[in-house]
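Taking it in order: structure first as structure tokens, then the write-up.
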Amino acid sequence: MSDHDNIPPYTHKLYMYLYWQWKEDDNLDAFVKVHNETTDKYLDEIRKLNIPNYKTKNGKFLDYVAKNLYGISRKPLLNAQTIVEMGINIDDPNTISPNDAKILSNSFRHEITDIEFRKIIEWNVYREDGFHFTIPWLKRRLSRFLSYSSGDMDMNSISIVAENRKITIRLLNDLQKSPYRELLKGVLLNKTINLPFMFEFELEDIDNA
């Protein structure tokens with residue numbers, strides 16, 4: 001079923017009309033009628049697109065809707081790490097001279113798919129959870145993000161540990177196997193999803209023994 005099957009027909013009232021002195025002109029009257037019928041058809045076609053519903057959009061159309069309606073751009077997830085290995089008591093003997101150091105860089109770039117982008121949009125525009133940041137609010141957001149369906153909520157499999165200004169997220173049970181777990185790591189690192197800026201968020205997976 002398409003996203004516009006249940007949309008009722010809409011007839012606007014702002015039709016083009018003839019001034020009184022021209023109402024007897026059959027040609028002009030026919031022109032006005034055709035014009036109004038055509039504008040109704042255009043309006044119905046636009047409404048069938050159901051542009052605000054990002055969940056049914058793909059590719060460039062999804063990018064257009066996200067950018068122009070919700071102000072969200074599809075950006076790749078980036079991560080870069082730099083490790084410095086020193087020459088004494090750190091590495092195996094004879095690999096690095098005592099007064100030298102070796103810099104190792106590790107980076108990756110992940111292009112966001114349509115499904116992942118819809119997850120990000122949903123996090124940023126969903127309103128039913130309210131606007132106040134709380135632990136239950138965060139758990140609902142995380143459960144919805146990690147689940148296959150927005151209706152599947154498993155908040156008991158999410159542990160939140162807050163210490164100072166750092167919030168650690170631990171996934172338990174089946175949520176550890178969520179296909180969106182790595183995506184969650186990436187969006188937390190890149191600050192792609194809306195969260196309070198004064199906190200640092202980190203995803204930590206633990207084994208469920």
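The chain is numbered in sequence order, starting from 1.
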Of all heavy-atom pairs between [X] and [Y], which one has the smallest distance, and what is that distance?
X	Y	result
Lys119	Phe145	NZ-O, 3.2 Å
Leu195	Trp123	CD2-CZ2, 3.6 Å
Pro196	Phe201	O-CE1, 3.7 Å
Gln176	Leu171	CG-O, 3.1 Å
Leu172	Asn156	CD1-O, 4.3 Å

Less than 4.5 Å apart, any side-chain heavy atom of [X] and any of [Y]?
X	Y	answer
Leu175	Tyr180	no
Ile72	Thr192	no
Leu77	Leu189	no
Ile167	Leu138	yes

Distance (rounded to the nearest 0.5 Å) between [X] [atom1] and [Y] [atom2]:
X	Y	atom1	atom2	result
Leu69	Ile121	CG	CD1	10.0 Å
Arg141	Asn194	CZ	CG	8.0 Å
Asp129	Thr134	CG	OG1	8.5 Å
Ile51	Asn68	CD1	CG	9.5 Å
Thr56	Asn50	OG1	CG	6.0 Å
Glu200	Leu188	CD	CG	10.5 Å

| query | Got more than 12 heavy atoms from elsewhere within 6.0 Å of CG, Leu18? | reply |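 Yes, because the 6.0 Å sphere around CG of Leu18 holds more than 12 heavy atoms from other groups.
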Sequence neighbours left out, what passes side-chain hydrogen bond (donor to acceptor under 3.5 Å, both in side chains) with [X]? Give chain and number order.
X	answer
Lys67	Ser73
Asn190	none
Ser157	Asp154, Asn173

Find out if a path of hydrophobic residues (ILVMFWY) with successive side-chain heavy-atom gaps under 4.5 Å connects [X] to [Y].
X	Y	value
Phe197	Leu203	yes
Trp137	Leu184	yes
Met198	Val161	no
Leu142	Tyr126	no

Tell me, please, which residues at least two apart from [X] pass side-chain contact (heavy atoms from CB on, under 4.5 Å).
X	answer
Tyr17	none
Asp114	Asn58, Leu62, Arg74, Arg118
Tyr42	Thr38
Ile135	Lys139, Ile160

Output side-chain donor-acceptor pairs under 3.5 Å for residues 22-34, partner residues at least two apart or in another chain, one line each.
{"residue": "Asp25", "atom": "OD1", "partner": "Asn27", "partner atom": "N", "Å": "3.0"}
{"residue": "Asp25", "atom": "OD1", "partner": "Leu28", "partner atom": "N", "Å": "3.1"}

**Message:** For a quick check under 3.5 Å, do Glu116 and His110 share a side-chain donor-acceptor pair by atom type?
**Reply:** yes
**Q.** Glu128/Arg140 salt bridge by N-O under 4.0 Å criterion
**A.**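 No, Arg140 and Glu128 are not salt-bridged.
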Residue set satisfying ring-ring contact (aromatic ring centres under 6.0 Å, His included) with Tyr54, at least two apart, ordered chain then number -> Tyr70
Hits for ring-ring contact (aromatic ring centres under 6.0 Å, His included) against Phe199, two or more places apart or cross-chain, chain-then-number order -> Phe133
- Is the side chain of Lys57 donor-acceptor paired with the backbone N or O of Asn53 at a distance under 3.5 Å, no angle test? yes
All salt bridge (charged side-chain N to carboxylate O under 4.0 Å, His left out) counterparts of Glu202, not counting sequence neighbours: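 Per chain and number, Glu202 pairs via salt bridge (charged side-chain N to carboxylate O under 4.0 Å, His left out) with Lys166.
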Salt bridge (charged side-chain N to carboxylate O under 4.0 Å, His left out) partners of Glu163, counting only residues at least two apart:
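If we apply the salt bridge (charged side-chain N to carboxylate O under 4.0 Å, His left out) test to Glu163, skipping adjacent residues, there are no hits.
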